[in-house]
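See structure below.
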Protein chains: 2
Amino acid sequence: MGESLKYKGIYTDIRDKINKGEYKLNEKLPDGETLAAYYECSKLTVKKALDILVQEGMIVRRRGSGTFVKGVSTNGEAIALGPTAGLVKTIGKQKITSKIILFSIEKPSQEIADKLEIENEYIYKIIRVRHLNKEPYSIEHTFMPLSIIKGLEPKHLEDSIYNYIRDDLKLKMHSAHVRIKGDKANDEDCSLLNIDKDSFMMEVEKLATLENGSIFEYSITRHLYENFVFETVFVQN
Amino acid sequence: MGESLKYKGIYTDIRDKINKGEYKLNEKLPDGETLAAYYECSKLTVKKALDILVQEGMIVRRRGSGTFVKGVSTNGEAIALGPTAGLVKTIGKQKITSKIILFSIEKPSQEIADKLEIENEYIYKIIRVRHLNKEPYSIEHTFMPLSIIKGLEPKHLEDSIYNYIRDDLKLKMHSAHVRIKGDKANDEDCSLLNIDKDSFMMEVEKLATLENGSIFEYSITRHLYENFVFETVFVQN
DNA sequence: AAGTGGTCTAGACCACACT
DNA sequence: GTGTGGTCTAGACCACTTG
């Protein structure tokens, strides 16, 4: 099964209760001991579950006073992206489609090979234009090592590559390093997105790793700035 | 002292060893049990320390094989910003100075009051222009509730407000919610940063909370895009 | 089979908040 | 003082990787 972790079950249960309104905003949750009794586990396991919710900003735990609901699941219109969350997942209801510009297998440049930490290996090079409600919205360059992502086909590109990696290849993602900056539109942006030379782009560079530490994706996505918002939460350690 | 947490000590010790090159890139660290013996603590405490490093992307732990160094502390030229990390901290060696444009105490607009989750309270409103090596670089609007941040003075603004909050007020920061987007320069940008009407800005909106869950800062910072890079690491839960 | 991490427990003890 | 979270321990047991 793989997904029989007690703390994850408790986490999703409480998260769902908050989202369903069973626990309301600013309401106090039962204390750790009570929850531990309810879920038939130790207090530490409850804490581990609640810690995820703290990190997501949904609850606050105050030593001496208790645990309080502080917000609900962040599913605004904003386009966020994490390691699980490809574009597709987070965008929610809106219609997103992909047009494949290039899907080739090749030897990477030295720069790409360095990013992916590979040598003498082939990669997929994929270029896609994303459309949001039929309007061109972003252009994505994706590089993945052939040795890790086996059997990729065009049909996977139209949906989400991440689904294929998770569901078919059974690989588990672990983390993503992200760099965001602004840039002037280049020739490719102009021709593929049909925009002016003096337009402005938001560029997201992403390096993603699997649970075993190997890098499976390097991508550069350039968005029209008008629709782009990046949201994230930092939590102190 | 306040800082007598065992796991934090272990964390900083190992982090520093990695940064000093005592543990080299891709090198395998001692296993959990050995480290626990070395630091005279339980394995769980070692894990807690290493988990922070995992979250920061510095190490990878592979069940069955070990713990490996995967990178060093992210202190590139990039200007990152977290909850601890105000601009000042992360920018490192470069000379950063602030020019105070406005420092007033006023009733907030409804919008700002909502963001800070206050009612009928006064706030500080601060506008500063940041200079990087004497060049104007960003303009920052900061709003803080008077009830939380007491006794703020101009001299604190030239340095870092965060230092004042942490060292003098003894308040502990917990998290920051951040939104990043691109935008065209507005009149204020043009006049204060001395740039063209058709320039482009990177806007960072930040909402920061203390450990007790109260919101102590809402800020909007607009940067010249040329020098701005935002970096972060996502880790799966 | 041996090495290594991850999950989980049951309980001790401390720090902090409320009243 | 009582309630509540956070830290820490010592050890059990399981899952995964590697020789």
Side-chain angles (χ1 to χ4, degrees), chain A residues 1-12 14 26-55 58-70 170-172 174-175 209-214 235-237, chain B residues 1-12 14 23 26-55 58-70 170-172 174-175 210-214 235-237:
Chain A
M1 305 290 99
E3 280 320 312
S4 57
L5 293 186
K6 213 177 252 190
Y7 75 90
K8 276 202 177 163
I10 298 171
Y11 154 72
T12 48
I14 297 178
N26 292 320
E27 189 177 330
K28 182 175 173 176
L29 262 58
D31 66 280
E33 196 147 5
T34 307
L35 288 171
Y38 175 71
Y39 290 110
E40 296 181 319
C41 68
S42 73
K43 285 189 285 178
L44 228 180
T45 303
V46 165
K47 174 166 165 49
K48 213 167 168 182
L50 294 179
D51 276 349
I52 302 175
L53 291 166
V54 169
Q55 219 171 70
M58 293 185 66
I59 62 172
V60 178
R61 308 198 78 193
R62 260 187 288 253
R63 182 188 246 153
S65 48
T67 302
F68 301 86
V69 179
K70 263 298 166 190
K170 309 282 185 206
L171 296 175
K172 281 175 190 154
H174 173 260
S175 66
T209 66
L210 297 174
E211 216 167 48
N212 66 14
S214 54
V235 176
Q236 189 92 343
N237 287 308
Chain B
M1 307 291 102
E3 282 317 316
S4 58
L5 295 185
K6 212 176 256 191
Y7 75 91
K8 277 202 178 164
I10 299 171
Y11 154 71
T12 46
I14 297 179
Y23 292 127
N26 293 320
E27 190 177 329
K28 182 175 174 175
L29 262 58
D31 65 282
E33 195 146 9
T34 307
L35 288 171
Y38 175 72
Y39 289 109
E40 296 179 321
C41 67
S42 74
K43 284 188 288 179
L44 229 181
T45 303
V46 165
K47 174 168 164 49
K48 214 167 167 181
L50 293 179
D51 276 349
I52 302 174
L53 292 166
V54 169
Q55 218 171 72
M58 292 185 65
I59 62 171
V60 178
R61 307 199 79 192
R62 260 186 287 249
R63 181 186 253 161
S65 49
T67 302
F68 302 86
V69 179
K70 264 299 165 190
K170 310 283 185 204
L171 296 175
K172 281 175 190 155
H174 173 259
S175 67
L210 296 174
E211 218 167 48
N212 66 14
S214 55
V235 176
Q236 189 91 343
N237 288 310

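Quick note on labels: first sequence line is chain A, next is B, and so on, each numbered from 1.
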Closest of C:dT7, D:dT4, D:dT9 to the B:Thr45 side chain is D:dT9
CG of B:Leu171 versus C1' of C:dA17: gap in Å, rounded? 16 Å
Can you see if the side chain of A:Ser65 gets near the phosphate of D:dG5 - specifically, an N or O under 4.0 Å from OP1 or OP2? no
Just so I know, are the side chains of A:Ile14 and A:Leu29 near enough to count as touching, which here means a heavy-atom distance under 4.5 Å? yes
Do the side-chain N or O atoms of A:Arg61 get closer than 4.0 angstrom to the phosphate oxygens (OP1, OP2) of D:dG6? yes
Reckon B:Lys43 touches a base, only the sugar-phosphate, or nothing at all at heavy-atom distances under 4.0 Å? nothing
So which nucleotide from D:dC16, C:dC8, D:dT9 ends up closest to the side chain of B:Arg63? D:dC16
Is the shortest heavy-atom distance from the side chain of B:Val46 to the side chain of B:Tyr38 under 4.5 Å? no
Just to confirm, is there a sub-4.0 Å distance from OP1 or OP2 of D:dT4 to any side-chain nitrogen or oxygen of A:Thr67? no
Residue A:Tyr7, side-chain atoms from C-beta onward, closest of C:dA15, C:dT7, D:dT18: C:dT7
Whole-Å distance separating the NZ atom of B:Lys47 from the P atom of D:dA10: 18 Å
Residue mapping more 5' on DNA chain D - nearest nucleotide basis, B:Glu40 or A:Lys28: A:Lys28
Rounded to whole Å, CG of A:Leu44 lies from C1' of D:dC8 at a distance of 9 Å
When rounded to the nearest 0.5 angstrom, what distance separates CD in B:Gln55 from OG in A:Ser175? 10.5 Å
